[in-house]
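Here the structure comes first, spelled out in structure tokens, and everything after it is commentary.
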Amino acid sequence: MPEGPSILILRERLVPFIGRTVQDAAGRAALDFGRLRSRRLQDIRSWGKHLLLAFDGFSLRIHLLLFGSCLIHDRKDGDGEDTATPTPTVSLRFAGGGGIDFKAASARWIEGDLDAAYDWSADVLSPHWDPQAAQAKLRARPGELACDILLDQSIFSGVGNIIKNEVLFRALVHPLSHIGALPDTHVSQLVAQARDYSFDFLEWKRRNVLKRHWQVHERTTCPRCRHALAPVRRIGKRRRRSFHCGRCQRLYGTPAPG
DNA sequence: TAACATGTTACGGT
DNA sequence: AACCGTAACATGTT
């Protein structure tokens, strides 16, 4: 589930619940669930990997982290006799039937207006995405590595490890490149591809054909030069798996010692 | 089937 | 104080 496009798809599946009233809420999250009772779900939005259920004056922020999932019960489903399964992080039941269970998620309140809490221009899938602002943020952090900065949610909200690997390949930038050593053309390539690939991801995920379109992620051969990809390693300060071609993806700047 | 992964946060140590 | 590394969390897939 977890990268930005998957959250956008999840949001769409949940749209039918907008306007309905929460009858009961429970779960293992340390939240005052009573706050949700009898409240009307006013809107559902997303910001990158954050799913935002908006109520009057506050919102419930759901983050599926690495393993999270969402189970939707429609009106005709029984009230869920899932006795064997563990308690969801958040379980919502709506008046008139149906509900939503979030499992293995992070849940917290966002107080007040979501527009005050979130910078929508940082969301790569948002109509408010601002590539100029993203480029300026990159230029302000010349010491960062390309593989780390693409995962920075304050710059590329919604980008996860799969998107990171594919974007670096499309831009022909080695993951260990230093941002400060990248030519302008490549900085703008990274920014442009972060959005473009995210929309491709979205479309392929919708059609259930995402994996077959991966160029480097979980692959062993470079589709461009036909040589073997670099051995899979965890690199950068985030220690995430990197799939890249050592020949096609150019290294800018001196690699860190070690 | 055991191992691993599309992620973030909290914490202790320096 | 700011930064670093590691642990902790928990489910679905192969």
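Residue numbering restarts at 1 for every chain, and letters A, B, ... go by the order of the sequence lines. Computed from a prediction, not measured in an experiment: that's the story for all the values here.
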Can you check the A:I163 CD1 to B:dA5 C1' distance for me, whole Å?
15 Å

If you compare every side-chain N and O of A:R238 against the phosphate oxygens of B:dG7 (OP1, OP2), does one of them come in below 4.0 Å?
no

Is there a continuous path of hydrophobic side-chain contacts, each under 4.5 Å between heavy atoms, that joins A:F102 to A:V22?
yes

Separation of B:dA5 C1' from A:N165 CG (nearest whole Å):
12 Å

Do A:L125 and A:L114 sit in the same hydrophobic cluster, where Ile, Leu, Val, Met, Phe, Trp and Tyr count as joined when their side-chain heavy atoms come under 4.5 Å apart?
no

So, taking the atom named CZ in A:R238 and the one named CG in A:L151, what distance separates them when rounded to the nearest 0.5 Å?
5.5 Å

Please enumerate all protein N or O atoms sitting under 3.5 Å from an N or O of nucleotides 3-8 of chain C, with distances to 0.1 Å.
none

Connected via hydrophobic side-chain network under 4.5 Å: A:L14 and A:F55
yes

Taking all heavy atoms of A:N165 and all of A:V216, pick out the closest pair and write down the distance.
O-CG2, 3.6 Å

Return one dot-bracket line describing DNA chain B 5' to 3' (Watson-Crick or G-U wobble pairs, both distances under 3.5 Å; ( ) same strand, [ ] crossing, | another strand, . none).
.||||.||||||||

Whole angstroms only, please: what is the NE2-P distance between A:H63 and C:dC9?
19 Å

How many Å lie between CD on A:E218 and C1' on C:dT14, as a whole number?
10 Å

Side-chain contact test, heavy atoms from C-beta onward, threshold under 4.5 Å: evaluate it for A:L172 versus A:R250 and give yes or no.
no

Just checking A:R234: base, sugar-phosphate only, or nothing, at a heavy-atom cut-off of under 4.0 Å?
sugar-phosphate

Do A:Y118 and A:D123 touch side chain to side chain, with heavy atoms closer than 4.5 Å?
no

Find the distance A:K164:NZ to B:dA5:P and express it as a whole number of Å.
12 Å

Give the ring-plane orientation class for A:F94 versus A:F17, where under 30° counts as parallel, over 60° as perpendicular and anything between as tilted.
tilted

Mind checking the OG1-CZ spacing from A:T21 to A:R40? Nearest 0.5 Å is all I need.
7.5 Å

Would you say A:L41 ends up clustered with A:V90 if hydrophobic residues are merged whenever their side chains have heavy atoms under 4.5 Å apart, either directly or through other cluster members?
yes

Pick out the pairs of N or O atoms, protein on one side and nucleotides 11-13 of chain C on the other, that lie under 3.5 Å.
| from | atom 1 | to | atom 2 | distance (Å) |
| --- | --- | --- | --- | --- |
| C:dT11 | O4' | A:F67 | O | 3.4 |
| C:dG12 | OP1 | A:S69 | OG | 3.4 |
| C:dG12 | OP1 | A:K103 | NZ | 3.1 |

Do the rings of A:W129 and A:F156 sit parallel, tilted or perpendicular, given the 30° and 60° boundaries?
tilted

Would you give me the side-chain donor-acceptor pairs under 3.5 Å for residues 25-36 of chain A, sequence neighbours excluded?
| from | atom 1 | to | atom 2 | distance (Å) |
| --- | --- | --- | --- | --- |
| A:D32 | OD1 | A:G34 | N | 3.2 |
| A:R35 | NH1 | A:E111 | OE2 | 2.9 |
| A:R35 | NH2 | A:E111 | OE1 | 2.8 |
| A:R35 | NH2 | A:E111 | OE2 | 3.4 |

N/O contacts under 3.5 Å, protein versus nucleotides 1-3 of chain B?
none

With A:R45, which residues qualify under salt bridge (charged side-chain N to carboxylate O under 4.0 Å, His left out), at least two apart?
A:D115

In Å and rounded to the nearest 0.5 Å, what is the CG to CG distance from A:L138 to A:D152?
9.0 Å

Taken to the nearest whole Å, CG/A:D152 to P/B:dG7 is 13 Å

Distance between the C1' atoms of C:dG5 and B:dT6, in whole angstroms?
23 Å

Separation of atom CG in A:L51 from atom P in B:dG7, rounded to whole Å
16 Å

Rounded to whole Å, CZ of A:R61 lies from P of B:dG7 at a distance of 15 Å

